[in-house]
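Have a look at the structure below, then the notes.
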Amino acid sequence: MTTGYARALALGSALALTGLAHAQQNSVDGHSHDHDHSHTHSGHAHSHGSDDIYSGYFDDNQIEARPLSNWEGDWQSVYPHLQDSTLAPVMAHKAETGEMTAEEYTAYYEIGYETDVDRIVIEGDTVTFHRGGETVEGRYVDGGYEVLTYEAGNRGVRYIFEKAGGDEAAPRVIQFSDHAIAPMDADHYHLYWGDDREALLEEVTNWPTYYPSSLGPAEIVDEMMAH
């Protein structure tokens, strides 16, 4: 994504779209960001229940700070499951109602999910990145959050944590996106990492995605198709 080890951690993560504004002016070309969660809404007279929030329709006064413990646990990347065709049923399912073929969705997620960090362990204030047989570890403190507005009209919240100690090679900044906007334990998440907070906010083409390591391939497929 940026320089040093953080770039090596996620292959292709430097693919940022040009012409994007920061923070609340950020936009994505026609999709609901972080991955393909396109939904049709008429007007903006929403009750802002959980389904609307997941889809990116909420009010500012609903957003709350979240602790790192919301993402605590042992997490696996879904990228290997895309590569070995485990997620083929998910791509076919998307194609049934989406605007692309299963092959096109697969190519889209090939860019989106791409990473060589196959496991992340979060315990207390410590985040450990597993890359093959190597690990780097950082201690992170709350860095607030940023609200991003997308071209489709919906929004998302990036929860940001900044390195306070640990290995020099650990990224300086990590940003979580999991479709929630208030404290709750994540069941999966998209993670952005690097050394430049603002540059990461503009990263909309690569969003390494993690599910609990306790889930088997079939369970991940079931979880994805349930959304």
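The structure presented is a predicted model; accordingly, all values stated were derived computationally and were not measured.
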> Do Tyr109 and Lys94 have side chains that get closer than 4.5 Å, going by heavy atoms?
Replying inline: yes

>> Show the nearest heavy-atom pair for residues Thr86 and Pro217, with the distance to one decimal.
In response: CG2-CB, 3.7 Å

>> As an exercise, state the distance from CG of Asp116 to CD of Glu134, rounded to the nearest 0.5 Å.
In response: 9.5 Å

> Just how far is it from atom CD1 of Ile63 to atom CZ of Arg155, taken to the nearest 0.5 Å?
Replying inline: 5.5 Å

>> I'd like to know whether CE of Met225 has more than 12 heavy-atom contacts from other residues, nucleotides or ligands below 6.0 angstrom.
In response: yes

> Any side-chain heavy atom of Arg131 within less than 4.5 Å of one from Val136?
Replying inline: no

>> Quick check: closest heavy atoms across Tyr192 and Ser177, and the distance to 0.1 Å?
In response: CE1-CB, 4.1 Å

> Quick check: are there more than 12 heavy atoms from other residues, nucleotides or ligands sitting under 6.0 Å from CD of Glu104?
Replying inline: yes

> Is it true that Val121 and Ile174 fall in one hydrophobic cluster, defined by side-chain heavy atoms closer than 4.5 Å?
Replying inline: no

> Under 4.5 Å between any side-chain heavy atoms of Met224 and His93, yes or no?
Replying inline: no

> Just by distance, do the side chain of Glu72 and the backbone of Ser69 share a donor-acceptor pair under 3.5 Å?
Replying inline: no

>> Just so I know, are the side chains of Val221 and Leu87 near enough to count as touching, which here means a heavy-atom distance under 4.5 Å?
In response: yes

>> Restricting to non-hydrogen atoms, name the atom on Ile111 and the atom on Thr205 that form the minimum distance, rounded to 0.1 Å.
In response: CG2-O, 3.4 Å

>> So which atom in Glu198 and which in Asp196 form the shortest heavy-atom distance, rounded to 0.1 Å?
In response: N-OD1, 3.1 Å

> Do any N or O atoms from the side chain of Arg158 and from the backbone of Leu200 form a donor-acceptor pair under 3.5 angstrom?
Replying inline: yes

> From Met91 CE over to Thr101 OG1, what is the distance, rounded to the nearest 0.5 angstrom?
Replying inline: 11.5 Å

> Just how far is it from atom OG1 of Thr135 to atom CD1 of Ile120, taken to the nearest 0.5 Å?
Replying inline: 12.5 Å

> If you look at every heavy atom in Ala164 and Val141, which pair is closest and at what distance?
Replying inline: CB-CG1, 3.8 Å

> Picking from Trp75, Phe129, Trp71, Trp207, what satisfies side chain to side chain contact (heavy atoms under 4.5 Å, CB included) with Leu191?
Replying inline: Phe129

>> Could you tell me if the side chain of Glu203 sits less than 4.5 Å from the side chain of Gln175, heavy atoms only?
In response: no

> Are side-chain heavy atoms of Trp193 and Thr115 found at a separation under 4.5 Å?
Replying inline: yes

> Going from CZ on Phe161 to CZ on Arg139, what distance comes out if it is rounded to the nearest 0.5 angstrom?
Replying inline: 15.0 Å

> Are Val147 and Ile181 grouped together when hydrophobic residues (ILVMFWY) are joined by side-chain heavy atoms under 4.5 angstrom apart?
Replying inline: yes

>> Name the residue from Asp142, Asp178, Asp185 that meets the salt bridge (Lys or Arg N to Asp or Glu O under 4.0 Å) definition with Arg66.
In response: Asp178

> From Leu82 CG over to Tyr108 OH, what is the distance, rounded to the nearest 0.5 angstrom?
Replying inline: 12.5 Å

> Among His130, Arg119, Glu123, which one satisfies side chain to side chain contact (heavy atoms under 4.5 Å, CB included) with Asp74?
Replying inline: Arg119

> With under 30° as parallel and over 60° as perpendicular, where do the rings of Phe176 and Tyr189 fit, or are they tilted in between?
Replying inline: perpendicular

> Does Tyr79 have any ring pair (Phe, Tyr, Trp, His ring centres under 6.0 Å) partners at least two apart in sequence or in another chain, and if so, which?
Replying inline: none

>> Could you work out, with ring pair (Phe, Tyr, Trp, His ring centres under 6.0 Å) as the rule, every residue matching Tyr140, not counting sequence neighbours?
In response: none

> Is the side chain of Arg197 donor-acceptor paired with the backbone N or O of Ile160 at a distance under 3.5 Å, no angle test?
Replying inline: no

>> Parallel, tilted or perpendicular: which one describes the rings of His188 and His190, with boundaries at 30° and 60°?
In response: perpendicular

> For the residue pair Asn206 and Glu114, what are the closest heavy atoms and their distance?
Replying inline: ND2-O, 2.9 Å

> Listed by chain and number, what are the side chain to side chain contact (heavy atoms under 4.5 Å, CB included) partners of Glu137, not counting sequence neighbours?
Replying inline: Thr126, Thr128, Asp167

